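Quick notes on the structure that follows.
Computed from a prediction, not measured in an experiment: that's the story for all the values here. We use all heavy atoms of the structure for the numbers below, so side chains are in, but hydrogens, waters and symmetry mates are not. In what follows, chains are A, B, ... by sequence order, proteins preceding strands, each numbered from 1.
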Amino acid sequence: MAADGDGKVYLRIRNLTKMFGDFAALRDVSLDVYDGEFVCFLGPSGCGKTTLLRAIAGLDIQTSGTVEQDGRDISALPPSERDFGIVFQSYALFPNMTVGKNVSYGLENRKLPRDQIRARVKELLELVGLHDQGDKYPAQLSGGQQQRVALARAMATSPGLLLLDEPLSALDAKVRVHLRGEIKDLQRRVGVTTIMVTHDQEEALTMADRIVVMDQGSIEQVGTPQEIYGEPRTSFVADFIGTMNFVPGEVIADHTVQIGGTTLTCPTDGITPGHAVTVAIRPEDINAQDIDGDDGNLVETEIRHLEFLGSFYRAELGGPAFGGHDINADFSINLVRRKNLDVGSAITVRFPAEFIRLYPRD
Amino acid sequence: MTQAAVQAAAAPRIKPKVSRDDWIMRACMGVIALFLVVAVLLPLYTMLSKSLENRHGDFIGLTNYAEYFSTPALFLSAVNSLQISVIATVIVLVTAFLYAYALTRTCMPLKWLFKLIAAIPLLTPSLLSGISLVYWFGNQGVAKHLLLGESIYGPIGIVIGSAYWVFPHVLMIVITALSITDARLYEAALALRAGRWRTFFTVTLPGCKYGLISAGFVAFTLIFTDFGVPKVIGGNYNVLATDIYKQVIGQQNFQMGAVVSVVLLIPAVLAFAVDRIVQRKQVALLSARAVPYQPQPRTSRDWAAFAFCTVVAAVILLMIGMAQYAALIKFWPYNLTLTLGNYEFDLANGGGWDSYHNSIRMSLYTAVVGTVIIFFGAYLMEKGRGFRAGRNGFHAIAMLPLAVPGMVLGLSYIFFFNNPANPFNFLYGTMAILVIATVAHFYTVSHLTAVTALKQMDAEFESVSASLNTPFYRTFLRVTVPVCVPAILDISMYLFLNAMTTVSAVVFIYSTDTTLASVAVLNMDDQGEIPFAAAMAMMIAYTCAGARILHAILTRGIMRTTQAWRTR
Ligand SMILES: Nc1ncnc2c1ncn2[C@@H]1O[C@H](COP(=O)(O)OP(=O)(O)OP(=O)(O)O)[C@@H](O)[C@H]1O
Ligand SMILES: [Mg+2]
């Protein structure tokens, strides 16, 4: 798969900076997107996702930096001279044209024979599952259907690059989950290189081949969903994606970190002893089952709160071990039942060394 | 500067390539901007420089102004104009506010009828109210005794006549201001147990404050610069607008005409500037989440509103009714036999049926040409890519005509176009110059209507179109225009009505081949052929009413045929 990095680079972004007056919406962004891959830009509101997407499209050209598409330098080109299809959050469907006309809009300009256009429109509508809706107007369709029309229109001219700016955010939750799969499936079938902007991490994790996590105009981390989730490189990424416990600590020796009165073994990644760090671990990685006495990283704690979350319990663990900090851990329903856990129960948990991550503090 | 800013300054800046579409759009916008420069800016500039010259064209500095301000008769007109405008503005503002309040905040019956009647003054030249007043309160007027010996010829007449024709303009603004108030504020007031009057003064009035201020400025400017009413009913009471006319047409003193024009221009520009500033504030107050207010029935208030509106509507009907009556009788007040003889305009001296036909032609040209230019210009400005400075500049020029009184524009056309050295001199005395003047004069309101409609469209249509490699004009014709048809119809209607009824912008530049109905009304009245004048004014009214009905039918038809895709 392209995501491993051995594919051909389709889009090469170098040192992109976008200024709005004195405000830098993008700072020195560099990124490679491989041929045929599905990349998500993920980040909190205002981090510059849309700005980056619009720079790639040429709709709001960057202040400095270059964009290369398929080996061609497109940095300064207007959108009409670039090769992309785009779907906006609002869909921007032409309200006065039928679904069929919307989809064929880009084709009509290419002086194709009429039946060829008709055949292509039919093909596209079938692709997005709207073959019998061609004569309706956008206003007569549901949000999800409109979204698919916008997708079909963007793909009609077979662009080399598909850009999606929060294409699902205007839809209700059910439809959104359903369309996620559909879009991903469609993209895989057509094989078009796709960039999607989203601030919904679940969307990014389920759809993307690679995720680009952004914050305040810069890229924080680029990686597969597994990498981003499992090995967040910065505390921002760790915090932004999934749930993460953060506890202040200190590296006291190679492979050893201290939190409050507890010492834990974990990879220290070359952080020198004496350095203050933030120790991070996900609630679901804290282990309370089948604990053997001679395992390392065992901590005695007490359950302060127990919250039922449907398929599991989230426990808030406290006690002298964490130096006054609380840590969340996810326990299976089975475990809670078996050990008869409740608020006030004492429990020994294990912090598996491979799941502990350290972020230097300054 | 931030670190990123420093970096960006160091790295080579990307200079966006301007696409073919962008070039075409900018060129088109440039052409329309040039039109505005030639039709507004250059003539105004010529007029300003004329006011600094003597009769022989030598530069004499402010001498003309010194003469103006030291001539009591002339200076007095400025004072008169101010007085009249302030009084009439207050009257019309209060009336329009109460009328609008009744229409939007009460449950009185027959609202649609009151709305319809209130629009009547828009259908006629402002002169008509003068003619009506003469028949009601003039020397041989039917209700002369009501004035208790005062003469209608003078300030009283001007104030009543002005208030009459400005009423619908003000009413529209106030209605809009009252309709945008958020119902949730009233619910809050109710929850806090605020009394009716307290609610009125703490919620209602502040809520439409900006609308009222704006309406006040519009009324003031319209009245201050109006020429028709004081010309017909002013008698010996001089105001600035009539002074310009007298200086230019009567005494052929163009320099002094220019000076008076500048004096007229200044308050108009000031009012315009203040209004702009106020309007900008109002936008910030508007919230998209506002809930429209639904009035609840309350007998005493509803019937009081009904009574008030009936009185106002009656006044309007009596005004237009008297004009119609005047057009139909043989010889006031001695022979009251009904006749259609007054419609035989070819027998009158002010201008025959030709002027009526010219007016129709002129208004149609104005509506068509003006709508195309104005809507396309607004589109280019609103939807263009990059070139921010150019687009902002265009908007500024497009706003300017609103500040220029018709008389001033017309007079500056004489100075500018009647100069043999001017390459546009060939336009002088043609139908084209009348159309240009009228389009320029009414540019701003139409421009704003177009901009509002364009802003309501999805901002990404152009982006989608560019990504599909489709030239902008294709998307303009296939998407923008069809979606904006209602606004386009509104603009052409507005231009048509104003072209039919305007006097001030064209009174200096029509020629014997291009006499107009509205000017004919003026000239007939001038020569004492008042029945003809009334009949001609009524012809204009019928035509405008017809146009409005046609507009309503067209709009409704289009809304019906396109309702499949228009979501309300
Ligand atoms: N035209 C503009 N002028 C000035 N600042 C802008 C402009 N467009 C965007 N910004 C600023 O740039 C930053 C990035 O905006 P951008 O729209 O890219 O955010 P985003 O990541 O897409 O956020 P969201 O999830 O809310 O869509 C924001 O702080 C925004 O205020
Ligand atoms: Mg965005």
Side-chain angles (χ1 to χ4, degrees), chain A residues 15 17-19 22-28 54-55 57-67 75-98 101 105-110 136-140 150 153-154 156-157 159 163 165 217-218, chain B residues 1-25 384-388 456-486 558 561-568:
Chain A
N15 309 105
T17 295
K18 172 76 182 179
M19 308 294 303
D22 245 2
F23 171 77
L26 292 178
R27 309 156 191 257
D28 205 25
R54 292 180 73 87
L59 294 168
D60 282 308
I61 290 179
Q62 68 277 13
T63 312
S64 64
T66 57
V67 182
S75 310
L77 296 185
S80 54
E81 292 175 32
R82 301 184 184 204
D83 176 25
F84 69 95
I86 190 164
V87 174
F88 292 100
Q89 190 174 352
S90 64
Y91 313 142
L93 293 175
F94 304 131
N96 60 324
M97 292 184 195
T98 60
K101 283 280 170 202
Y105 194 74
L107 299 169
E108 282 167 22
N109 199 42
R110 310 199 151 183
K136 286 194 178 167
Y137 288 103
Q140 297 165 323
R153 181 178 65 182
T157 52
L163 304 175
D165 190 357
S218 312
Chain B
M1 269 203 292
T2 59
Q3 193 196 338
V6 175
Q7 248 171 31
R13 270 188 98 84
I14 295 290
K15 193 171 176 302
K17 183 181 166 207
V18 180
S19 71
R20 203 177 71 110
D21 262 18
D22 295 335
W23 281 125
I24 303 176
M25 287 178 97
R385 220 170 63 89
F387 197 42
R388 180 130 305 155
Q456 283 167 357
M457 295 187 59
D458 196 309
E460 307 297 0
F461 284 159
E462 281 65 34
S463 307
V464 166
S465 158
S467 81
L468 294 172
N469 244 324
T470 306
F472 83 93
Y473 43 85
R474 208 172 127 90
T475 308
F476 173 73
L477 290 176
R478 292 213 27 206
V479 182
T480 315
V481 170
V483 172
C484 290
V485 160
I558 283 168
T561 53
T562 61
Q563 78 178 12
W565 54 266
R566 262 180 223 282
T567 40
R568 288 262 119 198

Any donor-acceptor N/O pair, [X] side chain to [Y] backbone, under 3.5 Å:
| X | Y | value |
| --- | --- | --- |
| Asn109(A) | Asn469(B) | yes |
| Asp458(B) | Leu93(A) | no |
| Tyr137(A) | Thr562(B) | no |

What part of [X] lies closer than 4.5 angstrom to a heavy atom of chain B: side chain, backbone, both or neither?
| X | value |
| --- | --- |
| Lys101(A) | side chain |
| Ser75(A) | both |
| Pro138(A) | neither |
| Arg153(A) | both |
| Phe88(A) | side chain |
| Leu59(A) | both |

Which atom names give the shortest non-hydrogen contact between [X] and [Y], and what distance separates them?
| X | Y | result |
| --- | --- | --- |
| Phe94(A) | Thr475(B) | CE2-CG2, 4.4 Å |
| Gly106(A) | Leu468(B) | CA-CB, 3.9 Å |
| Lys17(B) | Pro78(A) | O-CD, 3.7 Å |
| Ala76(A) | Lys15(B) | CB-O, 3.4 Å |

Quiz item: Hey, what do you get for OG (Ser463(B)) to CG (Asp165(A)), rounding to the nearest 0.5 Å?
Solution: 11.0 Å

Quiz item: Which distance, rounded to the nearest 0.5 Å, do you find between the CE of Met19(A) and the CZ of Arg13(B)?
Solution: 8.5 Å

Exercise. Flag the pair Arg478(B) / Tyr105(A) as yes when at least one side-chain heavy-atom distance between them is below 4.5 Å, and no otherwise.
Key: yes

Exercise. State, with a plain yes or no, whether a side-chain heavy atom of Phe461(B) is found less than 4.5 Å away from one of Ser90(A).
Key: no

Quiz prompt | Arg474(B), CZ: over 12 other non-hydrogen atoms inside 6.0 angstrom | solution = yes

